[in-house]
Amino acid sequence: MNDDILLRVEGVEKSYPGVRALKGITTFIRKGEVRALIGENGAGKSTLIKCIMGVETLSKGKIEINVDGRWCAPRNAIDAKRLGMYANYQHVNIAKDLSIAENYYLGRWVKNRCGVIDWNLMNRQSQQVIDKFQLHVDAKAKIRDLPVALQAMVTISKISVNEKIRLVVFDEPTALLENDKVEILFRFIRELKQQGIAVIYISHRLEEIIDICDTVTVLKDGAYVETRPVCDVDKEYLISKMVGRPMEDIYRISHYPAGAGLMRAEGISVPNQFENMSFALHAGEILGFFGLVGAGRSEVMRAIFGVTRITKGQVCIKGKPVKIRSPKDAMKRGIGFLTEDRRLDGLALEQTMRINVNMNSYDMISKWGIISLARENQRAEEHRKRIRIVTPSTQQLVSRLSGGNQQKVVIAKLLCRQPDILIFDEPTVGVDVGAKEEIFQIIQNLTRQGKGVILISSYLPEVMGLSDRLVVMAEGRVVDTIGKERLERMTEEDVLRIASMTGQSKLSTGVAS
Amino acid sequence: LAEGKSFKIVWVSCSTESEFWQYQQIGMENAVADLQAQYGITIDFSVAGPANESETESYLRTFENAVASKPDAIISATQVPDMTTAIARDAMGMGIVVNFTNCGLEPVGSTEYIDCYNQFYTTSSGDIGDTAGKIMLESLAKLGYTKGTIGMHFSNINAALAPRMDNFKAYVEANSDFEVLDTLFHANDMATAQANAENQISTYGENLVGLYGANNISGDGIALAIEGAGIQDKVVSIGVDSDSLEIEALAKGTLDCIIVQDAYGQGYASMKNAVETLLQGKNPEAAKQVLIAPAVVTTDNMNTPEFAALLDPTMLKK
Amino acid sequence: MTSQPASGNQARFNARHLLKQTEISLLMVITVLFLIASLGTANFISAYNLTNILKQSAVIGVIAIAQTYVIITGGIDISCGAVAGMSTLMVALSQAVWGLPVWLSLVVALAAGLICGLFNAFVIHEFNVPPMIATLGTQTILRGLIKVFSNGGTVSGINKGFAAFATGSVGFVPNLAVVWLLVAVFGALLLKYSTFGRSILVLGSGREVARLSGISIRRTNYLVYGFAGLLFSIAGILLASRMNCATPTAGMGYEMNAIAASVLGGASLSGGAGSIVGTLLGTLLIILIDNIGIQFGVDPFTMEVVTGLVIVTAVVVDQLKKRAK
Amino acid sequence: MTSQPASGNQARFNARHLLKQTEISLLMVITVLFLIASLGTANFISAYNLTNILKQSAVIGVIAIAQTYVIITGGIDISCGAVAGMSTLMVALSQAVWGLPVWLSLVVALAAGLICGLFNAFVIHEFNVPPMIATLGTQTILRGLIKVFSNGGTVSGINKGFAAFATGSVGFVPNLAVVWLLVAVFGALLLKYSTFGRSILVLGSGREVARLSGISIRRTNYLVYGFAGLLFSIAGILLASRMNCATPTAGMGYEMNAIAASVLGGASLSGGAGSIVGTLLGTLLIILIDNIGIQFGVDPFTMEVVTGLVIVTAVVVDQLKKRAK
Ligand SMILES: Nc1ncnc2c1ncn2[C@@H]1O[C@H](COP(=O)(O)OP(=O)(O)OP(=O)(O)O)[C@@H](O)[C@H]1O
Ligand SMILES: Nc1ncnc2c1ncn2[C@@H]1O[C@H](COP(=O)(O)OP(=O)(O)OP(=O)(O)O)[C@@H](O)[C@H]1O
Ligand SMILES: [Mg+2]
Ligand SMILES: [Mg+2]
C-alpha cells in the first residue's frame, strides 16, 4: 500500500524573519497523482514548493521522496534534479540572455563524442519539443525577445526534455496563458500522470483544479486545512475553505451607463506590432480586450502610454488630440497603466513596499521636491488594509512578498495616482479569489466615479464577465468589437473563434467607435 | 653625554616602491647603525609613504600622520613643495627636526622657506639634464652622427624634476642640429616604458639616434626596446639613476651610460645631520643647502668599486 | 529588522532603525581599530591626530558621497578623481594665473565640475554608453586636458587666505571636515526626503520600472551625474586649499578609494542600494588604516597587505553578522 | 529575426552570424585608424611596427580575456594586474634567486596565479563579498606581498633562453602574440562549447536561475576565478619574458585597460554577455591608439585627450549602429 507513496511531507515548518510562512504541514502524495495546492495569497504554497525542492531549508519537519524504495531528501536544486524532481516556479525563472534551446538544457548540456557541447543536436531536439508544444518559435531565439506568455511556455515545456522524472511541480503555470496553451499544458500533465509521475499543481483558477487534479490540499495562513479528492468538492466549497466565507459570483459587479468619451484611438499603428487600431473608451465604462498570445494588446497599450512611439494615427483624450511622448506624459494626462510583467517593469523588487506603492506619484505627496514621509507611509498603510496586502510591514522588501501580494502592490501603485483612464493588463495574475473580488470591487468603484477602465485579460470568464464592451484582437488588428448584449449571448468558444479567425475576420467586423 | 638617549625618526618617502628612494633609505639605515655605535644612542627608525610618486595627497597625509606620531626627526623628499611647506613649518614649530633629501622645498639658493626645514642635501636636476646632454652629444659625435632625432622618456610629469628634461633638450638643441622629441611618460610601468621606446624606434627608424631615459624605469624600457630591435650599436642610450636591470644593460651595452645621483650618500648625510642636530641642539652644517654632484657611469668604469657601489648601494647595506 | 511591523513614527528613532546593519558592522570594525590604536600607541588619541584623521577624510569623503549617488543608480563614475583634479587646477589657474578673486575661482571650478558631470550624462544617456566606459573616457580626456592647461607642471601661487581655509577649524573640527560633514548631511537628507533621491533608488532598481513609473530617465541621469560633478569639484576645491597648489596628478587614483568607501558602506554596484552614513564610515575606515599603520610604525609594504586584509575583513564581518541573523 | 523559423544550419556561416554587431563596429573603428595611420605616416606599415603592436597587445590581451570571463558572470577582477605582477615575480625569483629550472618556474608562477584566483573565489563565494571589494582587497594584499618578497626592488637575472622567448617569433607573428591568440581561440571555444563556458553565462544571466537549474554556483565561481587567475599568471609569465626581470610595479594599472577592452568588446558589467573576439579587438584598439599617437608625433598630453575620445567614440559608433537597425 505504502509503495505507491511518492512524497511525504511531515510536520514542515518554515520561518522567515518576522514571518511564519509554514506552520506544520503534513501530507502524502502518490505516484501518478495530480495534487492541487490552493490557498490565499501568502498562504505558503510557493514556500512549501521551495521546501519540497530543497531550495529553501526547513525550520522543522522533514520532506522525503521515494526513489525506487529508498527515501531521499534533496538538499538543493542539483539534488532535486538528480532525484527526478522538477519545478516550474511562480516567477518565470529563465536565463534571459540565452536561447530557448540552451534553456531547455540548462545545467545538463548535451556533449558529443569529443566532449564538447553539441549545439546541432540540442537545437534539433529543442525544436522538436517546441513543435510538440506548438510554440511556433525558433529554438535559437533569445528568451529576452519573447513575450512573457511564451517565456512561461518555455519553462513549462522545458520539463519534458528531462529523462527520469518522478515529481513535477507547477506553481501558477496558467496565470499568463490563454486557453489553447492551457490545453497544451493539460495534455502534458495527463501524459505525466500516465507515466506514474506525480504532479503538484498550484493555481488560483479553481475550475482548472476541478478539471485536471485528483486531490486538493487547502492551506490557510501557512497552516494545513485539509486534503480531499476533487470529486468530493465543488468550487464554492473550496472558496469557503480558502477564504473562510462563502462567495457569490465574483464577476457580478454593478455597471454604469457610459458617459462622455474619455479617450479615442484613431487608426494608430506601430510598425511590426499593430496596425490601424481604432477604439474608444467612455467614462464609467469597462472596455475589455481579448486576443491570443502575441495579438498585440499589450503593445497597443504600451504605445498609448508613451513607451513606444506611435507612427500613424492619433490618440484623443477628452476630445483633444494629444501627443504622448513618454509614460510621464501619459501620467500627466491622467492615464494609469498596470503592466503585465510586474517583475520586469512594474516593481522595484529590492525596494520596500512603501516605496513601490508611492513610486509613480511622489509629485502628489511632495512640495519643492521634498517628500512627506508621513503621507508616504500613510498611503502605503491605507492600501495595505484596503486590498489586504499580506506583509509584516510596509518596510518589507517587495521581493519577499508572495506573488499575489506583489501583484496587489502594483495595483496599489496604480491607484495611488488616481488616474482617470486606467489600463489594467492582466491585473489578476496570481491573485487569489478573495482578492480578485476586491479588485473587481475597486474597478466598480472607479467606474462609478466616472473613470474609464481598459481591462486586458487572457482569462475569458474574466473579460467576458466584467466588460461592458469587448475588443477582440488578432495579429495586431481589431477583429471585432462586441457590445454588452451580444456579449451576454456568446459563449467562451464563440469569442475564441473570433480571436483565432484572423483570415475571415476582416469581412465580418468594422471598427469600434 | 649622549649615551642612552633614544630618538624616533621617520623617513617619509615620496615613493616606497621606487629603488632610488630605497637606496636613500639604505643610506639612512647605515647611518642609523653607525650613529648608534658611535654615540651609544638608540634610534627608532621607521618608514612611511605612498607607493607611487604621483600619489601626492597620500604623501601629504603620510607626512601629517608622521607629525602626529610626534617623532624627534622627519626626513623626507617632496614632489610638491607648495603643499609640503605648511606641514613642514608646523613640524619645525613642534620641535621636530625636518631634513629634506634630493627633493626639497626650494631650489638651492632660494631662502623663502628656510625656516621650514633644518637641512637639505640634493643633486641639481638641471645638472643631470646638462650632463646627459653633454654626454649624448659626445657619444653621437663618436658614432659620426650630425643629424637625427632623440627621444626622451620619463615617469610622470613633475615640476621639481622637469629640468632633467628641459635642460637636456636645451643643451642638445643649443649645441647641435639634433631634434629632441616631446617626453613620453609611462607612469613607472616598465612595459609601457618599453612600448613607448619601441613605438619611437618604429616611427623614426634610422633617424632615431639617441634615447634618454630620465629615471631608472625609463632606462630599463629603453634598454629592453633597443635589445629587442638589435640596434645597440646604432643608437646612443642614456639612463638616469640605477637599478639591477640597468646595470645589466650597461654591462651588455644596451645602455651606454647612466647618470647617477648619489642616493645612498644623500640619505646617509640626511640621517647623520638629523641625529647630530638633535644631539647638539643645533645644525652642525654651515650651509642649509648642500649640493652633491651626479656621477657619469659607463660600461668602462662601472666595475670600479666606487662606481659599482654608486650603481648598486645594496652592496653597502649593513 | 525590516520585517517588524512599523509601530508608527515613534519607532523611527531608535538606534536599530537609525543605522542599518552594514553601518553597525563598519562602526564595530572602526571601534576595534580605534581601541587597538589608542591602547597601543602614545599619540593616537591626541587632538592633533584626531583632527588629522578628519581633515584627511574630507576630500575622499566628499567624492565617495557623490560616488554613492551614482552607484545607487546602477552607474559608476571613474572620472571622479580627474574631475576633482580639474577643479583643483581651475582654482589654481583662476587665482594664480588669471588673477580672479577667490569667489570667482570657486565658481569657475564648480562650473568645470558641473560641465564634466553633464558631459558624462550626455555620453551615457544619449548614446547609451556603459557608465564605466563613458567615465573612463572622460577621465582620460580630463587627465590630458589638465596637463595641456597646466603645461604638465605644478601651478602654485594660490591665494593665502584660501589656502589657510584648509588649516583652520571650527572648534575642534577642521574646516575641511566641516564641509565634508555638511555635504554628508545634505546628501543623506536629499536621499531620504527628496523625490530626486527616490528617483535614483528606483532607477537603480530597474530602468524599465522607473520609466513606466513616470520617472524621466534622462532627467535623472543628468541630475545625478551633474550633481556628482558638482560634489567632485567641491572635493577638488578642498584639495586645492589643502595642497596649496595644483599638480597634474591631483586626484589620481581616488576612484578606487571612493568606490571602495561606497561599497564598504553598503552600496551595491548593481544599483538600488547605498547609504551616505555607510559611505562616511567607509571613508573613515580607509583613512584610519593608513593613520594607524604610521602610528605603529608598520613598514609600508606590510601595511599594504594589512590594508587589503582589513578591507576584506570589514565586509566579511558584515556578511557573517547578516548570516547569523 | 528571432521569430523567423530556423532556416537550417547553413545560415550559421555568414559574416553576420560569425561576428556580432559590436565586433563589426570595433573592426570598423580599427580599420579607419589603420587607414589613417598607413596613409599619414611613413613607418606605420612596417613589419617591425606591426609585430610591435601584436607584441604589445599580448599581455593586456590575455588579461582582458580572463577579465571577460569574470565579467560574464557579473563579477569583476580588480586584482588582475597584481596577480600578473605576482607571477612575474615568481618567475624571476624562481629562476634568479631559487635557481629553479625554467619549467619549474612556470609551474610556480601558474600555481601562484591559481591560488590567488581561488582565494578571490573563496572570499567572494563563501562570505558573499562583492567581487569588486574582494579583488580590490586581494590586489592590495598582493601588491604588498610582492614588495615584501622582492624587497621592493627589481629582480633580474632571468634565464636568457626564457627572456629570448619574448623577442622570438613564429613567421611574422611574435611568440607573445602566438600565446595570446592561442589563449583567445581556446577561450572562445571554451565559452561556446563547454559546460563551464555555458555555466558562467547562466550565472551571469541570473544567480537564481543558475541555482534553480541545478548549476553549482560555488563550483562555477571557483572555476571562473581560478581560471582567470591562471590566465593572469600566463600574462605575468609573458611579462617576465618581455621585461627580462620583475619590477614591484609590474602589471600595475592593467585592470582599467583590461576591463575597458572587455567592455569595448561587448561585455556587459551586469553580466550575461561578453565576447572573446570582441575583447581581442578591444585590446588591439587600445594598444593601437598609443602606437598611432607616437607615429604621428602627437604630444603626449594631447594624446591622452585623443585616447579618451577614441574609446568613447568606439562605443558611441556601436550604439548608433545598433539604433539605426
Ligand atoms: N524570502 C522571504 N523572506 C521573507 N518572507 C517571505 C519570503 N518568501 C516568502 N515570504 C513570506 O512567506 C509567506 C508565504 O509566501 P508564499 O510565497 O509561499 O505564498 P503563496 O501561497 O505562494 O502566495 P501567492 O498565491 O501569492 O503566490 C508570505 O507571507 C511571504 O511574505
Ligand atoms: N510566437 C512568437 N514568437 C516571437 N514573438 C512573438 C510571438 N508571439 C508574439 N510575439 C511578439 O509579441 C508581440 C505582441 O505581444 P503582446 O504581449 O503585445 O501580445 P498580447 O496580445 O498582449 O498577448 P499576451 O499579453 O497574451 O502575451 C509582438 O510584437 C510579437 O512580435
Ligand atoms: Mg506563490
Ligand atoms: Mg500582453
Side-chain angles (χ1 to χ4, degrees), chain A residues 16-19 302 305-307 326-332 336-339 341-356 358-363 365-374 376-378 380-381 391-400 410 413-414 417, chain C residues 1-13 16-17 20-21 72-74 186 188-220 223 227 266-274 321-325:
Chain A
Y16 294 107
V19 187
R302 287 170 70 85
F305 199 59
V307 182
S326 66
K328 199 177 171 186
D329 250 13
M331 285 165 47
K332 272 201 208 122
F337 183 29
L338 182 135
T339 56
D341 190 348
R342 59 172 177 257
R343 294 173 71 80
L344 180 71
D345 49 25
L347 293 170
L349 288 167
E350 295 308 319
Q351 304 300 340
T352 61
M353 173 221 164
R354 190 183 289 178
I355 290 182
N356 272 277
N358 288 285
M359 201 153 74
N360 61 354
S361 53
Y362 274 118
D363 50 335
I365 53 164
S366 63
K367 208 174 187 179
W368 307 110
I370 305 300
I371 298 168
S372 155
L373 293 194
E376 184 188 34
N377 183 35
Q378 175 210 328
E381 286 292 349
T391 170
S393 103
T394 58
Q395 293 282 51
Q396 178 76 305
L397 297 186
V398 167
S399 62
R400 297 196 184 149
V410 197
K413 169 182 152 185
L414 174 69
R417 253 217 99 80
Chain C
M1 192 168 43
T2 45
S3 50
Q4 283 171 11
S7 54
N9 286 338
Q10 322 85 286
R12 284 228 315 273
F13 288 100
R16 280 171 61 212
H17 279 86
K20 292 189 211 140
Q21 176 60 62
I72 290 176
T73 67
F186 176 73
L189 292 179
L190 194 71
L191 194 57
K192 171 130 197 188
Y193 288 100
S194 76
T195 48
F196 169 57
R198 286 296 143 87
S199 307
I200 66 170
L201 264 177
V202 175
L203 181 59
S205 310
R207 268 177 82 84
E208 276 306 291
V209 181
R211 199 158 74 103
L212 286 163
S213 302
I215 292 166
S216 163
I217 297 182
R218 164 180 275 124
R219 185 156 167 272
T220 312
L223 275 175
F227 176 65
S268 149
L269 287 177
S270 44
K321 281 196 64 182
K322 276 189 189 146
R323 203 172 293 176
K325 281 215 156 180

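Within every chain, numbering begins at 1; the chains are lettered A, B, ... in the order of the sequence lines, protein sequences first and strands thereafter.
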Closest heavy-atom pair, G214(C) versus K328(A), reported as atoms and distance to 0.1 Å, is O-CG, 3.2 Å
Calculate, to the nearest 0.5 Å, the distance between atoms CD and CZ belonging to E376(A) and R198(C) respectively.
4.0 Å
What's the shortest heavy-atom distance between L344(A) and V209(C), and which atoms?
O-CG2, 3.4 Å
Starting at OG1 of T195(C), measure out to CG of N358(A) and round the result to the nearest 0.5 Å.
12.5 Å
Which residue pairs pass the side chain to side chain donor-acceptor pair (under 3.5 Å) test with at least one member in residues 365-374 of chain A, sequence neighbours excluded?
none
Partner set under ring pair (Phe, Tyr, Trp, His ring centres under 6.0 Å) for F305(A), not counting sequence neighbours
F337(A)
Do you know which of M331(A), R342(A), K332(A) has the most heavy-atom pairs with chain C at a distance under 4.5 angstrom?
M331(A)
Minimum heavy-atom separation for Q351(A) to S205(C), with atom names?
NE2-OG, 2.9 Å
Considering all heavy atoms of both residues, which atom of I215(C) and which atom of M359(A) are nearest to each other, and what is their separation?
CD1-O, 4.4 Å
For the CZ atom of R219(C) and the OG atom of S326(A), what is their distance to the nearest 0.5 Å?
11.5 Å
How long is the straight-line distance from CD1 of I355(A) back to OG of S213(C), given to the nearest 0.5 Å?
12.0 Å
Relative to chain C, which of V307(A), D329(A), D345(A), L347(A) shows the most heavy atom pairs under 4.5 Å?
D345(A)
